[in-house]
Amino acid sequence: MDTVDKIPLEHHPWQPYLPAHARVLMLGSFPPKPDRWCMDFFYPNWLNDMWRIMGLVFYGDKDRFTLLPEKKCFDLGRIETFLQEKGIALYDMATVVRRLKDNASDKFLEVVEPTDWRALLRQLPQCGAVVATGQKATDVFTASAMIAEPRIGDCTAFDFEGRSMRFYRMPSSSRAYPLALAKKAEVYASLFEREHILLQ
């Protein structure tokens, strides 16, 4: 047996979060291990800046989704209300993975079973944009959809079963990605402006 085959498989811990009226589907790579979670939901690591980015983009407040700063925890109820109001769906581009280095790095994440993103879009009839929130998600999606990889912050048009779609490549919300929080927020703000979600 190959050494890699001895590494245990990890299955995605959550169901896709799919508001029926969602107009944007955001896809990350895969959640970190549970010992890094501060809540039982997407982007659960306190050191991941996704919810700070969203706070800055939509409310000008990086702590908008912080429940108790001293406990290092996000406010899941406020996050879910926000996602429902704005029509933002969430999942990841892998449903089964192996961690080749036993850490949260996408670089050492082997995608064993990619997500059936087409099945997700069929449940989101109003969705016009797919957003990859990092390089691994970008790589897996563009390979599956057979489309060109856009520059960071930009998008590539593609057709999905007769629906005109846009695929955006966003900077990772991980602090390992070398871009300041405010700069990441600017890139994400541009996406939500282009999709007419920021000002709704």
Side-chain angles (χ1 to χ4, degrees), residues 16-29 31 38-39 41-67 69 73-93 106 117 120-121 124 126-142 145 147-158 160 163-200:
Y17 187 81
L18 304 176
H21 60 289
R23 290 188 285 145
V24 169
L25 170 61
M26 295 180 62
L27 298 170
S29 55
C38 73
M39 63 176 178
F41 196 67
F42 296 90
Y43 306 98
N45 188 339
W46 177 251
L47 295 179
N48 186 291
D49 282 327
M50 179 56 76
W51 300 117
R52 295 179 186 89
I53 291 169
M54 291 298 193
L56 280 174
V57 169
F58 287 91
Y59 305 101
D61 178 7
K62 69 180 179 64
D63 295 317
R64 169 77 177 188
F65 298 112
T66 296
L67 183 61
C73 185
F74 295 115
D75 187 335
L76 178 53
R78 183 172 279 188
I79 287 170
E80 289 189 297
T81 297
F82 159 74
L83 295 171
Q84 288 286 338
E85 288 178 349
K86 299 301 180 182
I88 299 172
L90 300 176
Y91 200 51
D92 292 306
M93 271 310 300
D106 281 358
W117 55 269
L120 300 183
L121 286 179
L124 302 171
Q126 297 179 44
C127 184
V130 175
V131 180
T133 63
Q135 189 60 48
K136 176 70 74 172
T138 297
D139 292 343
V140 177
F141 186 89
T142 54
I147 59 174
E149 180 178 300
R151 294 176 301 171
I152 291 177
D154 208 346
C155 68
T156 296
F158 70 102
F160 171 68
R163 193 191 317 179
S164 296
M165 303 286 298
R166 293 158 300 284
F167 172 73
Y168 290 86
R169 176 188 174 199
M170 291 288 108
S172 171
S173 53
S174 167
R175 293 186 182 178
Y177 187 84
L179 190 65
L181 175 63
K183 293 295 186 181
K184 290 182 184 182
E186 287 179 11
V187 180
Y188 277 82
S190 176
L191 148 70
F192 289 115
E193 285 175 355
R194 290 172 72 174
E195 292 303 317
H196 308 291
I197 291 175
L198 186 55
L199 301 178
Q200 72 180 30

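Each residue takes its place number in the sequence, starting with 1. Just so you know, these numbers come straight off a predicted model, no measurement behind them.
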**Prompt:** Can F58 and L198 be said to form a side-chain contact (heavy atoms from CB on, under 4.5 Å), step by step?
**Reply:** CA-CA 6 Å; F58 287 91; L198 186 55; 3.6 Å; yes

**Request:** Tell me, with the steps shown, if L120 and L27 meet side-chain contact (heavy atoms from CB on, under 4.5 Å).
**Result:** CA-CA 11 Å; L120 300 183; L27 298 170; 4.3 Å; yes

**Message:** Set out, in order, the CA-CA distance, both residues' side-chain angles and the distance that settles side-chain contact (heavy atoms from CB on, under 4.5 Å) for I79 and Y43, then state yes or no.
**Reply:** CA-CA 11 Å; I79 287 170; Y43 306 98; over 6 Å; no

**Request:** Would you please test F42 and M50 for side-chain contact (heavy atoms from CB on, under 4.5 Å) and show each step?
**Result:** CA-CA 9 Å; F42 296 90; M50 179 56 76; over 6 Å; no

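Less than 6.0 angstrom separates the ring centroid of F41 from the ring centroid of Y17.
Here D139 contributes atom CG and M93 contributes atom CE; the two are 10.0 Å apart, rounded to the nearest 0.5 Å. The distance from the OG1 atom of T142 to the CD atom of Q135 is 8.0 Å, given to the nearest 0.5 Å. Residue I147 holds its CD1 atom at 9.5 Å from CE of M165, rounded to the nearest 0.5 Å.
Judged purely by atom type and a 3.5 angstrom limit, R64 has no side-chain atom pairing as donor or acceptor with the backbone of R78. Using modelled atom types, one side-chain atom of R175 and one backbone atom of L47 make a donor-acceptor pair closer than 3.5 Å. Side chain of R194 to backbone of C155: no donor-acceptor contact under 3.5 angstrom is found. Between the side chain of T138 and the backbone N or O of A132, no donor-acceptor pair lies under 3.5 Å. Side chain of H21 to backbone of E85: no donor-acceptor contact under 3.5 angstrom is found. D61 places no side-chain N or O within 3.5 Å of a backbone atom of G55 that could act as its donor or acceptor partner.
Heavy-atom minimum distance, S29 versus D92: O-CB, 3.1 Å. Considering all non-hydrogen atoms of both residues, Y91 and P16 come closest at CD1-CA, 3.4 Å. Here the closest heavy-atom approach between residue L124 and residue P19 is recorded as CD2-O, 3.3 Å. Taking all atoms of both residues into account, the shortest heavy-atom contact from N48 to S173 is OD1-OG, 2.8 Å. When all heavy atoms are compared, the tightest approach of C127 to L121 is SG-CD2, 3.8 Å.
The pair R169-E149 counts as a salt bridge, with a side-chain nitrogen and a carboxylate oxygen less than 4.0 angstrom apart.
Not counting sequence neighbours, the partners of F141 by the ring-ring contact (aromatic ring centres under 6.0 Å, His included) test are W117, F158, F167.
Side chains of M39 and W51 form a contact here, defined as non-hydrogen atoms less than 4.5 Å apart.
Between F74 and W46, the angle of the ring planes lies from 30° to 60°, which puts this pair in the tilted group.
The only option from K86, R166, R23 that meets the side chain to side chain donor-acceptor pair (under 3.5 Å) definition with E195 turns out to be R166.
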Indicate every side-chain donor-acceptor pair of residues 177-191 with a distance under 3.5 Å to a residue at least two apart or in another chain.
residue : atom : partner : partner atom : Å
K184    : NZ   : S172    : O            : 2.9
K184    : NZ   : S174    : O            : 2.7
Y188    : OH   : P171    : O            : 2.8

